[in-house]
Amino acid sequence: MTAAKAATLENKRFTVWVANRTNLAIGIFGLLIVVALALFPTYAGTPLTRRLVDFFTLLALAQFWNLMLGYAGLISVGQQGFIGIGSYTLWLFSDIMHINPFISVIFAAIGGAIIAFPAASLVFKLKGGYLAIGTWVIAEILRLIVANIKRTGGGSGITIQAATKLGTTVRVPGSYWWALASAVIAIAVTYFLLRSRTGLALKAIRDNDLAAESNGVNLWRTKLYTYIIGGAGCAMVGAIVAIHLLRVQPAAAFSINWTGYLIFISVIGGVGTIEGPIIGTIIYFVLRETTSKYGEWYFIVLGILAIIVTVWSPAGIYGYVVRKTNFFLFPLQRKLRMLEGAKE
Amino acid sequence: MSLLEFENVNVYYEDFQALYDLNFKVEEGEIFACIGANGAGKSTMLKTVAGALVPRRGRILFDGQPIDHMPTYKRVEIGISSVPEGRRVFPSLTVHENLLIGAYRNRKGPWTTDTIYELFPLLVPLRKRQAAGLSGGEQQALAIGRALMANPRLILMDEVSLGLAPVVIKRIYDAFPTLLNNGTTILVVEQDVQHVMTVAGHVACFLEGRIKLEGRPSELTNEQITAAYFGV
């Protein structure tokens, strides 16, 4: 991760770099955590493993959602549309075309990316709140279309037969590894995208889209990239959820609740950082596990917490940490290091 | 051939017409200044060149090529970049990152981060700072530097002196000859007539969406300018 990229300038007097030794150590530590988590199903019981599937799928979704809102300024309230499409694409590939469900997840992601193209051409004509409503409308249209297909059981949904046949000993660890992979993919894609040239453009768009465009950024194309990544990512997660739950229903797969969770997670954790959704997902998950048995109090606690955080630190919990320490687990800022002999 | 040419350009904001049959030419290598009161259409003209507005009638030629329906980012590619009114630097990016965004289209030319830091030494100690914390003058220097990073043939400057201290305005105008020597033509819009008249090779005075007066500053009298500026 110590990408001490030499500036491609004549008479260079400095290098541009984004990470330091601490970040390298954290990177290695992170890798160890991922390895430990990957081995989790071998030593933990099924109930705990299943719970972590929920956790990682939410983390992946939050990360993709954050990429779209935090960097491209796309307030999508319609990611459940892609989750639903992913779930049903999985059914199509595994039950109708008889492809292994775990491989069908890849096709589901491709399906999400394909849907994202025409959706983008509609949605990108809108801005801000209108864009949010537009994405929701598209998700509802997709839900209504799917709910009216007899083959998939209409509104009552359908069981993924291929996933049932896998048996618990294969299905639970398998969906766990896919869930973990989806979270790692979401973080890795966001990290490397943001460190690329497109990432710099995305950050400029976040600050001021008109100014970014007048500096030569192709606004439409850059937003399209993130929208396609978001669509493919959410469809991938939708497919994993379908394997995990064995059953898909339009009302659940296309539920607006998905987006509700994602908004809560991102707002609490901090929009526009990679760390924010991680923190947000952990907080949401801990709250859910500890307070959901108290019924409606669970929602009251979530709501109060969201209010407190937005008032106390609009940039979220991680935004507060950055303001106090300027420390990034995933460094994205391009920094300068002066070479010897150059004046500081 | 002129670098930039307006041919009977009419621009509207919805029903409101802002520019009426505008005709003028900017020659390569000169400083062309547009002056005029608020609402005269100067900024509208610049926005039309930059690509934020599309003329309803008439056309704009850049180096002989019509550009009025070209997307903004393409215009940067062929060598038009702008210093927008109010600077519009990217507040969360560092000074250096702001400059890198300017070079997004990778046009080749004399301007690199090194030469920008040479042109505006005041930016050197600020390289690692977020642009949000810069003073107005520093932001203006950064906005000009960012626009230059695209190695433009034509740079559009909207009200560069607005809200800045006289000493800072002087420093920015002092950089103009360096820009010209590097092959950049400057189209500048100003309300501050005094300053711009000393550097401009050509001046056009806008009034109510039309050019009321045009010529070399040396050929124009103060009375003529005052009359055109206020429309009396």
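By convention in this document, chain letters (A, B, ...) are assigned in the order of the sequence lines, proteins followed by strands, and residues within each chain are numbered from 1.
Within residues 78-89 of chain B, the residues having any heavy atom closer than 4.5 Å to a heavy atom of chain A are B/S82, B/R88, listed by residue number.
Between B/L119 and B/W111, some side-chain heavy-atom pair lies under the 4.5 Å cut-off. B/V196 places none of its side-chain heavy atoms less than 4.5 Å from the side chain of B/V203. The side-chain heavy atoms of B/V160 and B/Y173, taken from C-beta on, include a pair separated by under 4.5 Å.
Among A/N208, A/L219, A/D207, the residue with the largest count of heavy-atom pairs under 4.5 Å with chain B is A/D207. Interface remark: of the candidates B/A150, B/P91, B/A132, B/P91 forms the most heavy-atom pairs closer than 4.5 Å to chain A.
Under the side-chain contact (heavy atoms from CB on, under 4.5 Å) criterion, A/F29 pairs with A/I33, not counting sequence neighbours.
Note on B/E77 versus B/R107: no salt bridge recorded, every NZ/NE/NH1/NH2 to OD/OE distance being 4.0 Å or above.
Considering A/W220, A/F64, A/F82 as possible partners of A/Y227, the one that fulfils the ring pair (Phe, Tyr, Trp, His ring centres under 6.0 Å) test is A/F82.
Ring pair B/H202/B/F32 is parallel by interplanar angle, where below 30° counts as parallel and above 60° as perpendicular.
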